[in-house]
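We name chains A, B, ... by the order of the sequence lines, and we start the count at 1 in each one.
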Amino acid sequence: MGMISKFVSAESSSFWGKASLIGLFVVLAASFVLPFFLPYDYKHFSDLEHLFLKPFSQGHILGTNEFGRDMFSGLLYGLQTSFIIAGISTFFAFAFGTFLGVYAAYKGGMVEKILGRVTELQLSIPSFLIALLLIAFLGHGFLPLIAALVLGQWAYFAQTARSIAKAEIRQEYVLSARLLGLSSFYIVCKHLLPNALPPQIVVFSYQLARAIALESALSFLGVGVPLTEPSLGLFIAQGYAYFLNKAYWVSLFPGIMLILLVMMVTKIGDYLNTIYDRKSS
Amino acid sequence: MKKLLFLLSFCINTQAVAEDLRIGLRADITSVDPHFHVSGPNSAMASHMFESLVKQDNNQKLLPGLALSWEKQSDLIWEFKLRENVKFHNNQVFEAKDVVYTINRIQKGIGPLESYKTYIRFIDKVEIVNPHKIKISSIKPYPLLAWDIAMIGILPHSLGENLDSHDFNQAKTAVGTGPYRFVSWRPGQDIIIEKNNDYWGNKEPWDKVIFKPVPQDISRFNALLAGDFDFIETVPVEELYRFKETSKFKLFATIPSRLMYLCMDLGNKISPYVLDMDGKALTKNPFQDKRVREALSYAINREFLIQHYLGNHGKQTGQLIIEGATGFNPDLKAHVQDIEKAKQLMKEAGYEKGFQVVFSSTSGRYVNDAKIVQAIASMLEQIKIKAKVEILPSNVFFSRSQKGDFSLSLGGWPVGRESLSPLQALFHRFDMKEGHGVFNRGRYANQELDVMIEKALETMDDVKREELLKKANRVVVEDLAIIPLYFSIANWAGKESLTFEPRMDEYTIAMNVKKFKN
Amino acid sequence: MILYFTQRVILTLVMLLILTFVVFLGVYYIGDPIALLMPEQGQGASIDAARKLLGLDGSFLTQYATFIKGLFSGSLGKSFVFGTSCFDIILERLPASLELTLLALLFSCIIGVKLGLYAARFPEGKGAKWIEFYALLGMSFPVYWLGLMLVTLFAAQLHWLPSIGRGETFWGLSFLTIDGIRHLVLPVLVLMMFKVALFIRLTRHFAGNVAQKSFVYFTRARGISESIIYKKHIVKHLMLPISTVFSLEFGSLLLSAVITESVFAWPGLGKLLIDALLQLDRPMVIAFVIFVGLFYAIMNLVLDIIHRFIDPRLREKRWA
């Protein structure tokens, strides 16, 4: 079952992997740095006199939307949102899930059984659904969104962490540490966790891609980020109404950007996975 | 030869023989039972199969329905003469007993909230004079009795006691006197009704009508284009322009039917969500100063909102009701945007530096509400009011609005022919016990106004009541208890071969869909 | 074996009970359904009466107790919105969701595996490159966008296919009628986009893995043609992981088809849930969660049993 979480094409060409890695950093840097240098700031500048300007008109590289806000700046802010939300939630899912998985594997017995059940149950329920239900309970906003994403994803980390830890536990050094009377917490942190980390990085990349996609799907439905915040999913949703008629650019560029972003992050995951596979065999 | 005939049989379009109508709705009904729950979709659907004593025409004027006439015999008693020779779908003949049966049923309480009780709350008793004449007495003088009666669909007493709403899913229970009979309802999928050939009134042109709920506006619209529907309600605003370019489909719009307004916190000395430009709390509530309210009104370009966010389907307004409704004052016009004047007013009130406020709204409940609010926020920036737009899901929004927990919010109210109910619900001092001002979100309180409203509630004389309402409306508008923005206009679209008479209550009914004859 | 089952069943039931408590708690605090359900012209007094009617006036524990009592008498609660048993409503919608999910998954599996095997066999060719590209693209494309665009193109513009709803049914299944099939095409295509990519990647990974196992080398050395190797040995070994994924994805797809269902107005479970959430139909949401929990728990249990029978290696290991 642990293998299921690594869907990889066994022949990842490393060129695309490396290219995606570089590409991701470029996009990341651009999205946080560029807005400062742009003439029109999506967040602070709305101009009702200039609705729906076409791309490349009056200094708006990607045109303006229905409130006269600059879409290039908006795209960058949307990317920021994707990075921040997906990044934070995946990180916490990673921290939370890995620790739980390793700890349960170490403790064994009832604790591990319960965790195993919960993890399996959670894994079979689509994360999108979990996120949706949680947001219905917690309300709308950034915090519930992140919480929902974390809760929808931790199980993946817990599962891989647990299987790695189980393998490690049989090793001699763990046995000796126990005999020496070292506290379980210490053993877990000093020995088990570090060994569990490398495969987790692969999971992290895949989960990051999923989190980005999840956030945009939830925002598309209107239950993700607040409606007035920039988000790629939200742009796609709001812009679709104008897609065929006049303003294709409001929806199209965010959509393309989203696809590229998820593809890049997934490709990085593939690349890391190939490296890990090669290392372990 | 056999093969040929077999193939040919596929080519014969059996659809061509029957005249069916396929309608796309925005929302599904929640029950076929006409007394289950008060909601637009339910009431609209019910009117196909069940009829009331009194009907409302497209402009909400009262018309004879199952009652030929209704007259005030005294301040408390109304006499209804009932129509003869009307048969229910189960062949039972309509008579006075059915009215008593229906009202008793509602009295017992139906549905999750027993919401239909609100329409019989002023009825004391129903007395049968003869099988075609009844007297309804009210607990106190109530001028709007006939309006309430118009909302109640009459059921045949032969249905008996112990009817569960769920029973109405079967055709033998969903029995009324209407121009259509109920066939089936698959929740979330479709509702099918068929022509009632024994109807007492004008025969319908459609053999079968099939309604399908498609909540996503764009999906419903695509379905019309794809030919899956002949007729739909509510075209998305962004697609409205298409109807100018095509002749394959037609657009139908009603007279304005929903008032949209800005609601401000008028009850608190210090408004909870208002801050000065540096983020510190203010010592007083800016909205309590009439000049600030005026400034807000003059900062908004209503025409612009209607043009760009409503697809030109709106009508700006300076008061609560439309022309032709009781209490209308022709001289109260909508404010035209005047930024200079607005700035001046802000300066006089001492808010030249402006202030920050949280501007709350729903999303998707009213036409383009989220966008309208953002556009208004943009406009307010010009007079240095920094409005932070807060979009809330409907349930949260209405919970808070009931408690009056907003500083600035967007509001909507269905418009009717008479202004007494909006005045009473929105502007009377908030008093839950008496049921006054239940929707007075801003907690506006004006004693003079309260007196006028309470008097109007008991004035049976139509002319005197109109005078009172005119005065009351003027007070509300001149005091800027709310800032009226515009009326949104409901729309429908259909194939070019159809024509539709829009209704002010926005009901989508097949009876108003007819074949278009050149 | 029996001990193992009982353990799992008990554990699952306990968890479900805890789940209901948590869900009830959450739904209790979301917001006031009364505010949403009341007609705009409702009067003050009737709001309180309404609360009593819906049983919303008791404390949280009272309400929960009532609910648990109801559970034991076999009911999952009465929907606020529809006024009838939630369970009945869920059952009504089940066939529609099942149909969509099974068809989409079946086609995705067949096409995905075929493409994946092809790419594994000829990894250097152009075909493999395109297949891999699609695998990546398919997993990254926003489903909702695809749905909207397909509908606009094929239904609204070209008029080739219907845009919404489920077609005519025969014995409750719409793929048995031509009209039904026409209605199924677009939603199934939308669901397939992602899943085909998934199966391609999965197949590539496992085919690659198996191909490296020693017994394949030996079989090759015996001179058996590549195609037979693929057909007989590799495919057989794919069965286990593919079937696992198939059943997992089935459960997942059943509900995550939410967006597709709302774009196509497909009368399935996903749409039911979203509507219930939006309308604050608490009993429905709770009934739904229980149904989902039960469904997945049962599915996991069945899966586990099947695996133990299929793979003799698992039989020996003690659980833990």
Which atoms of A:Ser127 approach chain C - backbone, side chain, both or neither, heavy atom under 4.5 Å:
neither
Just checking, any donor-acceptor pair under 3.5 angstrom between side chains of A:Asn65 and A:Tyr242?
no
According to side-chain hydrogen bond (donor to acceptor under 3.5 Å, both in side chains), who are the partners of A:Thr119, at least two apart in sequence or on a separate chain?
none
With a 4.5 angstrom heavy-atom cut-off, which part of A:Ala217 approaches chain C: side chain, backbone, both or neither?
both
Grab the two heavy atoms, one from A:Met71 and one from A:Val250, that are nearest each other, plus how far apart they are.
CE-O, 3.9 Å
Name of the residue among A:Val27, A:Ile212, A:Leu258 meeting side-chain contact (heavy atoms from CB on, under 4.5 Å) with A:Leu79
A:Val27
Where on A:Ile259 is there a heavy atom nearer than 4.5 Å to chain C: the side chain, the backbone, both, or neither?
both
Side chain, backbone, both or neither: which part of A:Leu252 has an atom under 4.5 Å from a heavy atom of chain C?
both
